[in-house]
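Only this structure's heavy atoms are used, side chains among them; waters, hydrogens and symmetry mates stay out.
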Amino acid sequence: MKTKIIRETMAGKGKLSGIKRAVTVFCGAICYAVKTVPMTVFAAEGTGAITQPLDNLKTLVTAVIGAVGVIILAKNVMEFAQAYQQQDSSTMNSALKGIVAGVIMAGISTVLTFLGF
């Protein structure tokens, strides 16, 4: 009695795994066919309506960063002048770092334009 149950169970698993294999092969073939068949895409010629808001946002962000950079640059130049007058080397180092950061921020729009953004 036990051997009959075991044989039936094993036979059922064999059929099920065969079905699973067939489904797997079928799905793989469909995925391969979909990926390899070239598809025609009909895109609109004018993309300005989609990209214009992003371009405006990019221009605004770079302008704000440049303006903040100029403010930081001016503040740190004045801070460096005061530190030089008082011969305070730690404040001079801090001011020089701020000057470099201000120059980088002020020139970021030029760098991004040069890179093509």
Give the other cluster members for Ile104, using side-chain heavy-atom distances under 4.5 Å between Ile, Leu, Val, Met, Phe, Trp and Tyr residues; answer none if it is isolated. Val100
Any pair with a residue in residues 90-101 that passes side chain to side chain donor-acceptor pair (under 3.5 Å), sequence neighbours left out, goes on the list, sorted by first then second residue, please. Asp88-Ser90, Asp88-Thr91
Taking atom CD of Glu79 and atom CG of Leu96, what is their separation to the nearest 0.5 Å? 10.0 Å
Side-chain contact test, heavy atoms from C-beta onward, threshold under 4.5 Å: evaluate it for Ile30 versus Phe26 and give yes or no. yes
Do Ile72 and Ile108 land in one hydrophobic cluster if side-chain heavy atoms of ILVMFWY residues count as linked below 4.5 Å? yes
Calculate, to the nearest 0.5 Å, the distance between atoms CG and NZ belonging to Leu73 and Lys75 respectively. 11.0 Å
Check for me, please, whether Val103 and Val77 land in the same ILVMFWY cluster - side-chain distances under 4.5 Å, paths through other members count. yes
Using atom types as modelled, flag every donor-acceptor pair under 3.5 Å from a side chain in residues 60-70 to any protein atom, sequence neighbours excluded.
from, atom 1, to, atom 2, distance (Å)
Thr62, OG1, Lys58, O, 3.0
Thr62, OG1, Thr59, O, 3.0

So how far is it from Asn76 CG to Met92 CE, rounded to the nearest 0.5 Å? 14.0 Å
Atom CD of Gln85: over 12 foreign heavy atoms under 6.0 Å: no
Hydrophobic cluster membership, with links at side-chain heavy-atom distances under 4.5 Å among I/L/V/M/F/W/Y: are Leu115 and Met105 in one? yes
